[in-house]
Amino acid sequence: MRIKRSTWAIPYGIFLALFVALPLVLIALYAFQDRTGAFTLQNFAKFFNTPEDLHTFIYSIEIALLNTVICLLLGYPAAWILANSELNRSSVTVILFILPMWINMLIRTLATVALFDFLRMPLGEGALIFGMVYNFLPFMIYPIYNTLNKMDGSYAEAAQDLGASPAEVFTKVTLPLSMPGVLSGLLMVFMPTISTFAVAELLTLNKVKLFGTTIQENINNGMWNYGAALALIMLAIIGITSAFTDSDSKRADETGGLI
Amino acid sequence: MAEEDKIILLEHVSKRYDGKTVLDDINLYIRKGEFVTLLGPSGCGKTTTLRLIAGFLQPDEGRILLDGKDIAGVPPYERPLNTVFQRYALFPHLDVYDNIAFGLKLKKMPEDEIDRKVRRVLKMVAMTDYESRAVESLSGGQQQRVAIARAIVNEPKVLLLDEPLAALDRKMREDMQLELKEMHQKLGITFIYVTHDQEEALTLSDTVVVMSEGRIQQIGTPRDIYNEPVNSFVADFIGQSNILNGTMLEDKRVNFIGHDFDCVDKGFGENVPVDVVVRPEDIYIKKNTEGEQFTGTVTSCIFKGMVYDMLVQTAEGFELEVQDYNGFAVGSTVGMHIHPGDIQVMKKERVRNTFEGEVVSPVSVRFLGEEWDIPETDIAPGTPVEVDVEFGAVDLMDERKDGNTEGQVYFILYKGDRYHLTVKTASGELLYADTQDIWDKDDMVGIKILPEDIKLRVK
């Protein structure tokens with residue numbers, strides 16, 4: 001008997017259905033139900049009527065934005081230096097920048113806590129931002145590096161030929177052409193930072209609360225329906241972010257963005 | 001010629017990459033308004049020369065003058081030159097209009113002036129309705145036009161073109177050639193054009209610079225280059241040609257393919273070995289063998305549209321390429337003659353291989369990076385010597401290990417009755433060999449030379 005090619009997709013289909021689609025459906029179902037299982041919008045109303053949760057939500061987005069901006073400001077020059085063959089002649093430096101991505105985030109964060117202890121620096125909001133930037137910087141550098149690295153050098157040459165100084169070459173050609181990589185990087189950093197919670201707990205000794213922690217607390221305390229509603233709100237934010245950058249994803253594929 | 005007519009002057013320019021010389025002592029001037037083509041096979045240094053002029057590379061030696069001023073320290077963006085790149089390098093994030101306006105905007109030109117200029121060049125390259133199109137949506141030929149428009153809108157003193165038509169199909173290429181030539185006449189800008197296509201070079205240029213191996217082989221008008229090639233490389237590279245070994249008997253008298261011919265060249269001396277070039281269209285072929293200079297048998301006849309391209313085996317065993325409006329059947333006997341003016345005699349660049357060597361022992365000598373057996377010599381070991389090897393004494397072997405050293409076939413010249421091969425040896429030196437065997441370019445060969453064919457001369 002001949003096995004059709006599509007047959008091979010069945011195990012993956014089952015996996016996706018069980019571990020991706022089903023949880024999403026469950027979250028949606030729980031979010032619109034009360035404890036008895038009846039349909040309600042009460043869970044969402046509760047979110048907007050609980051100033052503490054609302055505040056945590058806005059604060060989380062602020063932290064995520066701040067982290068993303070810092071990552072971009074640090075990551076773009078780093079990627080540019082790495083992709084510049086005159087400044088960086090070996091691929092080892094690239095590996096060194098990417099290396100932290102290979103280590104579990106919790107271990108890295110625990111190491112950061114130990115580092116702050118060792119240096120007798122207080123844990124708190126500053127440590128949180130440091131830890132987040134440290135954790136997510138490679139995700140910003142890599143897609144930008146990829147785009148810059150694959151960029152045809154003749155564009156820069158053509159710009160120079162037409163009278164652009166090195167600074168003008170960068171602002172008028174290199175930067176606009178590397179935008180797909182930048183968008184990829186922004187997404188790769190912003191989306192996971194919104195939902196971070198362990199990093200925040202460890203680096204601030206639970207002094208600073210992020211939205212991820214709020215969700216976790218509610219679920220742990222048996223408030224499944226409210227927790228699911230909060231998770232759905234967060235998903236919506238992530239969805240909006242990625243839709244915002246989606247129009248450029250075709251270009252990102254061509255020029256080597258990460259997703 | 002007045003000095004100020006030379007818009008670009010290259011003096012003793014050399015360039016090396018990783019110790020390898022890609023340009024060797026280039027001397028060249030380009031006149032204002034001239035259409036100059038740098039012509040040569042890939043790796044001959046033509047693109048490097050162009051990049052040196054554009055400023056993307058700096059010469060290791062020598063200097064480049066623009067309007068009489070050394071431009072060594074001037075970065076590319078301050079040179080009044082513009083380039084049309086081989087793969088166009090149009091900015092994908094800008095539309096056609098903004099690509100063309102790029103250079104003008106950098107100069108902070110007023111908007112209305114930019115607009116006027118852009119529209120004028122768009123009209124010139126026949127792309128008027130395409131200004132808001134994305135460059136990626138254009139065909140190769142259209143991208144080419146935009147690339148040319150983007151360069152000429154800046155009104156450069158010199159326009160550099162790096163194989164701009166290489167990516168186009170034949171028909172389109174021929175159309176663009178005509179347009180480029182027209183544009184050159186209309187604009188009055190100096191064009192420096194790089195190509196490996198000899199036909200393109202002959203069609204377009206006022207002056208052709210034939211390059212090979214990082215050196216200029218010949219500079220001249222297309223007519224000069226075609227009719228009076230200075231060496232066998234140029235003769236072989238430009239058009240079709242029969243390149244033959246000959247002997248200059250006396251002034252205006254040369255012997256080749258076993259016959260004596262009248263010619264117009266003189267000053268070579270008597271009984272001097274020379275290379276003789278005869279273009280296929282310059283051999284007159286007749287059915288009648290009587291009264292002709294030599295006879296032969298047609299071995300192949302191919303219709304090429306305008307002419308028949310024939311191979312003729314002469315009675316003396318030489319193979320000649322002949323073109324004529326009339327085709328002759330394969331196997332038929334024909335008579336041929338050549339007019340004195342159509343015989344191009346060239347001094348032989350070399351008549352045998354000469355290598356630098358050193359005697360190692362009474363029975364061996366070292367050259368080409370290897371030790372070679374020789375008949376016993378009384379030259380003391382350690383003496384530097386010149387080693388002479390006749391072209392015909394070099395044996396090329398299929399198996400690399402059968403030879404004493406190895407090499408790669410670099411250049412092949414058919415000489416009517418034998419192939420004259422240039423082989424790049426493992427030591428990086430060039431070795432010349434005459435052979436009847438057929439080799440392809442880039443073939444790896446073993447090199448063998450019999451001891452008695454190795455002649456030593458103390459320097």
field: B:Asp162 bridged to B:Arg51 by N-O distance under 4.0 Å
entry: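 Salt bridge: no.
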
Are side-chain N/O atoms of [X] and [Y] paired as donor and acceptor at under 3.5 Å?
X: B:Thr48; Y: B:Tyr17; answer: no
X: B:Tyr193; Y: B:Glu200; answer: yes
X: A:Ser154; Y: A:Asp152; answer: yes
X: A:Tyr59; Y: A:Glu125; answer: yes

Can you say whether [X] sits under 4.5 Å from chain A via the side chain, the backbone, both, or neither, judging by heavy atoms?
X: B:Leu160; value: neither
X: B:Asn154; value: side chain
X: B:Leu90; value: backbone
X: B:Arg87; value: side chain

query: Taking the six-membered ring of B:Tyr130, is NZ or CZ of B:Arg145 closer than 6.0 Å to its centre and within 45° of its axis?
result: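 That pair does not qualify as a cation-pi contact.
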
query: If you count heavy-atom pairs under 4.5 Å between each of B:Leu81, B:Val84, B:Thr83 and chain A, which one has the most?
result: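 Greatest number of close heavy-atom pairs with chain A: B:Thr83.
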
message: Tell me which of these, B:Ala89, B:Ala147, B:Gly103, has more heavy-atom pairs under 4.5 Å with chain A than the rest.
response: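 The residue among B:Ala89, B:Ala147, B:Gly103 with the greatest pair count is B:Ala89.
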
task: Please flag which part of A:Glu157 lies under 4.5 Å from any non-hydrogen atom of chain B: side chain, backbone, both or neither.
output: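 Both backbone and side chain.
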
query: Which region of A:Asp161, side chain (C-beta onward) or backbone (N, CA, C, O), has a non-hydrogen atom less than 4.5 Å from a non-hydrogen atom of chain B, or is it both or neither?
result: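 Contact with chain B involves both backbone and side-chain atoms of A:Asp161.
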
